[in-house]
Trainee: 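First, the structure itself, so that you have it in front of you.
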There are 2 protein chains.
Amino acid sequence: MTTGFASGRVLRPTTKVLPEHARGHNRSLVLQTLYRLGQRSRADIARETGLTRVTVSDLIAELIGENLVIEIGQREDARPGKPATLLDLNRDAFQIVGIDLSEYATFRGALLDLDGKILERAELPLASSVGDAAADKVIALAATLIEKANRPVLGIGVGSPGVVDLAGVVLTAPNLGWIGRDLQGALTERFGLPVIVINDANAAALAEHSFGAAMGDMMLVKIGHGVGSGLLLGGTPLFGSRFAAGEIGHVMVGTNGGEVCVCGKIGCLETWLATPRLDALLAAAMTSDEKNEILREAGERLGIALAPVVGALDLAEIVLSGPTELLDGVLASATIETLRARTMPEFHGNLVLRMTTLGEDIVLRGAAVMVLSGQLGVS
Amino acid sequence: MTTGFASGRVLRPTTKVLPEHARGHNRSLVLQTLYRLGQRSRADIARETGLTRVTVSDLIAELIGENLVIEIGQREDARPGKPATLLDLNRDAFQIVGIDLSEYATFRGALLDLDGKILERAELPLASSVGDAAADKVIALAATLIEKANRPVLGIGVGSPGVVDLAGVVLTAPNLGWIGRDLQGALTERFGLPVIVINDANAAALAEHSFGAAMGDMMLVKIGHGVGSGLLLGGTPLFGSRFAAGEIGHVMVGTNGGEVCVCGKIGCLETWLATPRLDALLAAAMTSDEKNEILREAGERLGIALAPVVGALDLAEIVLSGPTELLDGVLASATIETLRARTMPEFHGNLVLRMTTLGEDIVLRGAAVMVLSGQLGVS
DNA sequence: GTTTGTTCGTAAGGTTTACTAACAAACATG
DNA sequence: CATGTTTGTTAGTAAACCTTACGAACAAAC
């Protein structure tokens with residue numbers, strides 16, 4: 001046919017939209033309003049969303065029927081008019097299971113409430129399991145946490161290392177010996193609950209955005225046994241053409257030297273920043289000057305690698321996740337200085353680089369956010 | 001209030017959705033179907049979109065009323081049943097003005113039909129104009145093209161160098177002496193037509209996606225007097241936190257040498273790749289080996305700069321736009337080889353790097369796509 | 001104590017949207 | 001010529017949101 005705009009997909013819509021979809025959207029809008037702003041009356045929500053009080057009342061009735069929203073009582077403050085009936089999301093009605101598979105020797109999980117507060121914890125030593133054995137441990141950990149729940153479980157969120165597609169299939173995760181493993185399918189089948197499996201760094205980026213102060217255009221760099229990253233662009237996670245977005249551990253850095261990497265290349269980001277190597281170098285270093293120099297060079301290399309990404313994406317913020325004692329200090333300073341020196345100050349002068357505020361729970365909390373977003377938010 | 005998921009924006013919806021919005025969506029869906037697939041009957045469109053024949057008939061009646069769609073005649077092929085009435089987008093009903101401000105000494109524009117075919121051209125020598133004088137020339141060029149139109153003009157699309165925000169305000173464009181210039185507002189006021197002003201490289205990326213064979217995850221690198229780029233992620237242009245996404249010309253490349261840039265840094269991408277410098281070097285070179293070495297090194301530096309971006313974004317494709325005689329050959333080969341050598345073959349082994357197929361019209365055609373998308377597509 | 005004005009939540013009725021069901025028109029096929 | 005198929009339209013229905021109107025409950029003013 002024609003070869004005009006035809007071949008592209010500039011015009012967005014790809015599926016039909018029915019009235020019920022609009023309803024679902026507005027329903028989520030009401031939920032989100034209660035979520036973000038807390039206790040509100042129906043009239044408040046109407047003003048906030050632009051919907052009428054009538055429509056809000058109708059949606060609220062539906063949500064109360066599902067036990068997602070509850071009436072708190074009457075507003076106390078003194079103003080003219082009929083006192084408002086305060087509503088809130090029923091934050092105690094459901095619980096979420098979040099699981100982090102990204103640590104080297106341990107699978108960690110937690111039971112969270114709808115606010116993301118951790119209610120219970122559980123962990124399972126990996127004990128060098130791979131393949132089916134490792135997958136069985138994920139299931140066992142999930143089962144333990146579901147048993148601890150004293151409310152209906154909204155769903156299970158899992159942050160996995162490696163490359164994970166949108167259906168929750170772990171395409172490759174070398175450490176766990178997984179290739180094309182349908183972890184999401186296996187968990188769904190086992191528990192009959194909504195399950196979301198997502199890359200660990202992407203989960204971490206989401207958590208930082210939801211719980212931390214992160215803006216919508218952010219890169220979270222996760223440094224541990226390996227080096228990975230998760231990108232949030234305009235508040236949305238980036239997955240990439242082969243679901244491998246953020247995999248920067250084996251990109252070569254700079255044009256002068258570096259060690260040989262397990263992948264065969266020279267001077268990959270991981271050869272500079274992986275924590276086992278840093279720990280080993282620091283242990284061998286004698287003076288604190290030597291130690292600082294090791295950390296400074298690692299930070300500088302990170303800055304060199306990130307500079308083109310910051311420039312190309314116009315990032316506002318970079319967040320580091322990993323061992324605080326290694327990252328937070330000389331290393332972080334060297335990274336931001338290098339970034340400033342290698343990009344345009346007009347555009348990136350107020351680029352922020354900081355540690356995550358979420359500590360070790362960042363991945364499992366991000367996985368929980370995915371569940372919440374999938375179940376209560378809109379597609 | 002609560003500090004839970006509240007602070008983030010994980011749950012998507014931010015505005016209410018009314019039934020009429022759904023209607024607009026489905027309307028665009030029908031238009032897009034005719035656009036992509038060409039002549040179809042109402043029943044064909046119903047099958048294609050999932051809407052019912054009744055709904056499609058209703059939408060089509062509306063579109064015919066606006067002269068956007070026309071009945072072509074009856075389908076000729078011999079099959080049972082009532083013969084279908086073929087429809088098509090009224091590709092001759094409107095025309096679009098596209099303008100490219102990115103060339104160094106000339107503003108170029110064209111009148112296009114809805115298929116993106118160029119009907120008329122016009123250009124205006126910039127003659128070193130800056131500020132108001134340069135803006136006046138844009139208006140004059142647009143006026144010239146609008147006069148040439150023999151159909152209603154759907155809108156005006158402008159691809160401008162520099163940083164352009166979502167409202168079409170050129171925040172900074174050094175070559176044109178523009179700072180915070182509301183070009184979109186000025187054109188709208190002058191002509192009373194829909195106007196879209198967008199960064200030149202973003203426009204080019206859109207054009208490559210619409211007319212060329214580009215996938216949804218692509219970076220278009222535009223090399224000329226300066227070096228810029230436009231990113232398409234999942235088919236959507238990326239603008240960045242300060243609307244400066246793609247501005248990679250002044251990112252430092254590598255860690256060994258380079259020339260001092262006008263910006264003060266050493267070894268910016270532009271110092272390796274800007275065409276005036278390449279031309280000068282090539283003119284000074286004696287042997288073809290020397291020339292090839294110049295191009296090879298330039299290509300290698302581009303690859304070094306892009307490798308972290310390819311890794312972080314998991315790009316599928318990189319498209320080069322600029323002087324073919326410089327880019328297409330040794331330089332492009334060196335770039336892709338460098339990229340392959342510096343990234344993970346498992347993920348980026350089938351990364352494609354190629355020249356644009358759209359030549360010098362890429363920016364103005366992309367600007368026209370923006371108009372089409374804004375007027376006929378959905379938000 | 002009464003009146004006035006405000007705010008809240010609900011009820012009733014109307015509009016828009018897209019759906020299902022049914023049908024006439026127009027054709028191919030046996 | 002009878003039958004079956006496909007097209008596009010008409011008529012009626014369900015869902016979603018809107019506007020309008022109203023009772024309830026309160027503060028403030030008199």
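Throughout, a chain's letter reflects where its sequence line sits, starting with A, and its residues are numbered from 1.
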Trainee: Looking at DNA chain D, which of residues 50-70 of chain B put a heavy atom within less than 4.0 Å of it?
Mentor: Arg53(B), Val54(B), Ser57(B)
Trainee: Heavy atoms under 4.0 Å, any strand shown: does Arg27(B) hit a base, just sugar-phosphate, or nothing?
Mentor: nothing
Trainee: Taking the side chain of Ala43(B) as heavy atoms from C-beta outward, which of dC8(C), dT17(C), dT7(D) is closest to it?
Mentor: dT7(D)
Trainee: Report the residues that fulfil side-chain contact (heavy atoms from CB on, under 4.5 Å) with Glu120(A), sequence neighbours left out, ordered by chain and then residue number.
Mentor: Leu111(A), Lys148(A)
Trainee: Taking a pair as Watson-Crick or G-U wobble with both distances under 3.5 Å, which nucleotide is matched to dC30(D)?
Mentor: dG1(C)
Trainee: If each of Val17(B) and Lys82(A) is mapped to the nucleotide of DNA chain D with the nearest heavy atom, which maps nearer the 5' terminus, i.e. the 5' end?
Mentor: Val17(B)
Trainee: Inspect the contact between Arg365(A) and Glu208(A) and indicate whether a charged nitrogen and a carboxylate oxygen are less than 4.0 angstrom apart.
Mentor: no
Trainee: Salt-bridge test for Asp92(A) and Arg151(A): reply yes if a basic N is under 4.0 Å from a carboxylate O, no otherwise.
Mentor: yes
Trainee: Between Asn26(A) and dA16(D), is there a contact of a side-chain N or O with OP1 or OP2 at under 4.0 Å?
Mentor: no
Trainee: Could you please spell out the steps behind the side-chain hydrogen bond (donor to acceptor under 3.5 Å, both in side chains) verdict for Asn150(A) and Gln95(A)?
Mentor: CA-CA 8 Å; Asn150(A) 53 11; Gln95(A) 294 171 347; 2.7 Å; yes
Trainee: Between Lys16(B) and Glu48(A), is there a salt bridge with N-O shorter than 4.0 Å?
Mentor: no
Trainee: Under 4.0 Å: is that the gap between some side-chain N or O of Arg75(B) and OP1 or OP2 of dC27(C)?
Mentor: no
Trainee: Between Arg42(A) and Asp58(A), does any NZ, NE, NH1 or NH2 come within less than 4.0 Å of an OD or OE carboxylate oxygen?
Mentor: no
Trainee: For dC17(D), does either OP1 or OP2 sit under 4.0 Å from a side-chain N or O belonging to Arg23(A)?
Mentor: yes
Trainee: What nitrogen or oxygen pairs link the protein and nucleotides 28-30 of chain C at under 3.5 Å?
Mentor:
none

Trainee: Please confirm whether the shortest side-chain N or O distance from Thr85(A) to OP1 or OP2 of dG9(C) is below 4.0 Å.
Mentor: yes
Trainee: Counting only heavy atoms not in Glu189(B) (residues, nucleotides, ligands), do more than 12 fall under 6.0 Å from its CD?
Mentor: no
Trainee: So does Asp44(A) pair up with Arg53(A), basic N to acidic O under 4.0 Å?
Mentor: no
Trainee: So, are Arg27(A) and Glu66(A) salt-bridged, with charged N and O less than 4.0 Å apart?
Mentor: yes
